[in-house]
*Asks:* 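Handing you this structure, nothing more for now.
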Amino acid sequence: MPEARKNIFLVDDEIINLKMGKNALSDFYNVFALDSGESMLELLDVVLPDLILLDVNMPDMNGYEAIRQVKENERTAGIPVIFLTSINEKEMELKGLSMGAVDYITKPFSALLLLKRIEIHLLLESQKRELRFFNDNLVAENAALDGLSRMKTEFLGNLSHEIKTPLTVILSDIQRIGREVCKHGFENERVSESINRAHDEIMRMARLTDSAIKMAAMQEYHGKMDLINAASLFRTGAEGYRSIIEKQGNVLIINAEENLPRVYGSADQLIGVLSNLLTNANNHTSNGQLIVSIEEKAPFVSVTVKDTGTGIPPEMLPNIFNRGVSGSGSTGMGLPICKNIVDSHGGAIYIKSEPGKGTAVTFTMPVYSEERPVNNEE
C-alpha cells in the first residue's frame, strides 16, 4: 500500500512565492497555500500539517508571532517549521531557530534545495516519532516489570510468613515431644533419631524459605543504583560484624586503602555480598582470623574476605557457585546470590581455598566512569 502524501503548509503574503512553492512541491506533497499567519492558524484548527514553510516578513502577523502561537499550542507544538526569508541576516536566523524553527531558507529558493530540506526534516520528524513510540513502550514495559517484580516479592514474602508460622509450631511440638519422651522414659535410639531428623528438616525448610526471599530481592536492582564510596561502604559493613566474629573467638582485621575511586551500584546488595562472605568465613573458622582487604586494582575496586578456617574441599570448588552446592548443611544459595549480584554490577567473584588452611573470596567492582559506569563485558 503506497504511503499517504504528507501535508505541507506554505505561508507567504506574496502570490508569486506561493505559486512558485506550490509548483515545486505539488508533485510530492499536498500543499496548502496560505497568504497570512492568521489564515494558517485558522486552518490548523482543521488540518494538522506534517511541516510548515513560514515566511518571516508578513504584514499584520509576521513569522515570529505565528511560530510563537504554533509552539505555545500543545496540539501543534511538535510540527516542524522552516522559515522562508529574503533577508540573509544571522541575527534573524538565530532568533527564528531559538523560537523553535528547524531550518532557515533564503528566497529566492532553489526548488531542488527546498525539496531536499523538506525531505530531511520530514525524515527526522518520523525518526523522532519512532523514538518516542519506542521510549513510551519501554517505559510501559518497565512499569509492568516493576509491578510484576513487586507482586513476586510480596507473594514470596507472604508465602515465607505462611510457611514459617506452621514450621515454628511444628518445631515447637517436636521439641516438646522430645522432652515428654525423655520425661516418661520412652526414649530409645530410633525415636531420638526420628525427632532429630524431623528437627533438622524443619530447619532446612526455614533456610530454603529465607533463601527464596533473598533470591527475589536480589533481582530488584533498577531504581536503587547510586555512586558509592567503596572504602567507607565496605569498611563500615565489615565493622558491623566485629562483635559477631569475636563471639566465635575470631579476630577481625580490616585493611582498607584510603581515597579509593567510587563505584556505581546498589549499596544494599553489595553489603549483602560482604555480609554473606563474612558469615561463611566466621562459620568455618574458630579461634582464627578474618581479614577484609579493600583496595584498588585498576580498573576495579577489589574486596577480599580471607579466613584461617577449615577450607573447602578441592572437588567442591568448580561448582561452588552453583545453587544447592554446600558442604555444611546450609541451603547452598548464598554464593550463587553473591555471584548474581556481582555479575549484575559488572564485576567478578572467585575463590581460593586450601583445606585446613583457610579460604579467600574476592569480588570486584568496576571503577565508576561517566562514559561507562558499569561494564558487563569485563
Side-chain angles (χ1 to χ4, degrees), residues 1-140:
M1 184 176 179
E3 185 179 355
R5 284 165 52 118
K6 305 288 187 183
N7 295 325
I8 305 290
F9 278 13
L10 174 59
V11 187
D12 198 305
D13 62 310
E14 296 185 13
I15 300 300
I16 184 66
N17 291 332
L18 292 177
K19 287 183 177 179
M20 289 176 59
K22 193 160 187 175
N23 288 338
L25 303 174
S26 293
D27 288 343
F28 307 96
Y29 304 105
N30 297 324
V31 181
F32 295 79
L34 305 161
D35 61 3
S36 69
E38 293 88 348
S39 59
M40 176 196 72
L41 294 174
E42 289 179 7
L43 187 58
L44 280 173
D45 290 335
V46 182
V47 178
L48 281 180
D50 297 284
L51 183 141
I52 297 173
L53 297 169
L54 181 61
D55 185 26
V56 173
N57 296 306
M58 295 183 294
D60 299 326
M61 180 185 288
N62 63 25
Y64 298 130
E65 176 59 22
I67 193 174
R68 184 187 67 78
Q69 295 195 36
V70 168
K71 295 303 178 181
E72 287 181 352
N73 186 331
E74 185 177 349
R75 181 170 167 269
T76 60
I79 301 171
V81 177
I82 297 177
F83 268 139
L84 303 174
T85 180
S86 57
I87 304 174
N88 188 9
E89 290 187 7
K90 295 297 182 184
E91 289 186 5
M92 293 182 64
E93 184 173 348
L94 286 172
K95 180 179 179 180
L97 294 173
S98 68
M99 295 183 73
V102 296
D103 208 345
Y104 230 94
I105 298 177
T106 304
K107 297 184 291 187
F109 49 76
S110 160
L112 289 177
L113 176 62
L114 181 62
L115 283 167
K116 182 53 67 175
R117 293 278 186 89
I118 292 173
E119 179 185 341
I120 289 170
H121 287 293
L122 288 176
L123 177 60
L124 288 173
E125 186 60 28
S126 175
Q127 291 174 339
K128 286 197 304 187
R129 282 196 300 270
E130 287 183 8
L131 285 173
R132 285 194 295 269
F133 173 79
F134 287 124
N135 183 65
D136 290 345
N137 280 347
L138 186 59
V139 169

*Asks:* Compare every heavy atom of Ile67 with every heavy atom of Tyr64, then report the nearest pair and how far apart it is.
*Replies:*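 Closest approach of Tyr64 to Ile67: O-CG2, 3.2 Å.
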*Asks:* Which pair of heavy atoms, one from Phe83 and one from Ala101, lies closest together, and at what distance?
*Replies:*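 Nearest heavy atoms, Phe83 then Ala101: CD1-CB, 3.7 Å.
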*Asks:* Whether the side chain of Arg75 engages the backbone of Leu44 through a donor-acceptor N/O pair (distance < 3.5 Å, no angle test) should be reported.
*Replies:*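 Yes; judged by distance alone, with no hydrogens or angles, the pair exists.
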*Asks:* For a quick test of reading the model, state the closest non-hydrogen atom pair linking Asp27 to Arg5 and the distance between them.
*Replies:*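 Heavy-atom minimum between the residues: O-NH1, 3.2 Å.
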*Asks:* Can you confirm whether Met58 sits close enough to Val11 that some side-chain heavy atom of one is under 4.5 Å from a side-chain heavy atom of the other?
*Replies:*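 Result yes, sub-4.5 Å side-chain heavy-atom pair found.
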*Asks:* Do Lys71 side-chain atoms and Thr76 backbone N/O form a donor-acceptor pair below 3.5 Å?
*Replies:*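 Not a single qualifying donor-acceptor pair exists.
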*Asks:* Could you pull out the closest heavy-atom pair between Leu51 and Leu122, with the gap in Å?
*Replies:*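 That would be CB-CD2, 4.0 Å.
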*Asks:* Looking at every non-hydrogen atom in both residues, tell me the closest pair between Tyr29 and Leu115 and how far apart they are.
*Replies:*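 That would be CE1-CD2, 4.0 Å.
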*Asks:* Which heavy atom of Ser39 sits nearest to which heavy atom of Leu34, and what is that distance?
*Replies:*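 Where Ser39 meets Leu34 most closely, the heavy atoms are OG-CB, 3.7 Å.
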*Asks:* Can you tell me which residue among Leu10, Val81, Ile79, Ile8 is in a side-chain contact (heavy atoms from CB on, under 4.5 Å) with Pro49?
*Replies:*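 The residue from Leu10, Val81, Ile79, Ile8 that satisfies side-chain contact (heavy atoms from CB on, under 4.5 Å) with Pro49 turns out to be Ile79.
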*Asks:* For Glu42, enumerate each residue passing the side chain to side chain contact (heavy atoms under 4.5 Å, CB included) test, keeping only those at least two apart in sequence or located in another chain.
*Replies:*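 Partners of Glu42 by the side chain to side chain contact (heavy atoms under 4.5 Å, CB included) criterion come out as none, since no residue qualifies.
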*Asks:* Would a distance-only check, ignoring hydrogens and angles, find a side-chain to backbone donor-acceptor pair under 3.5 Å from Asp13 to Ser36?
*Replies:*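 No.
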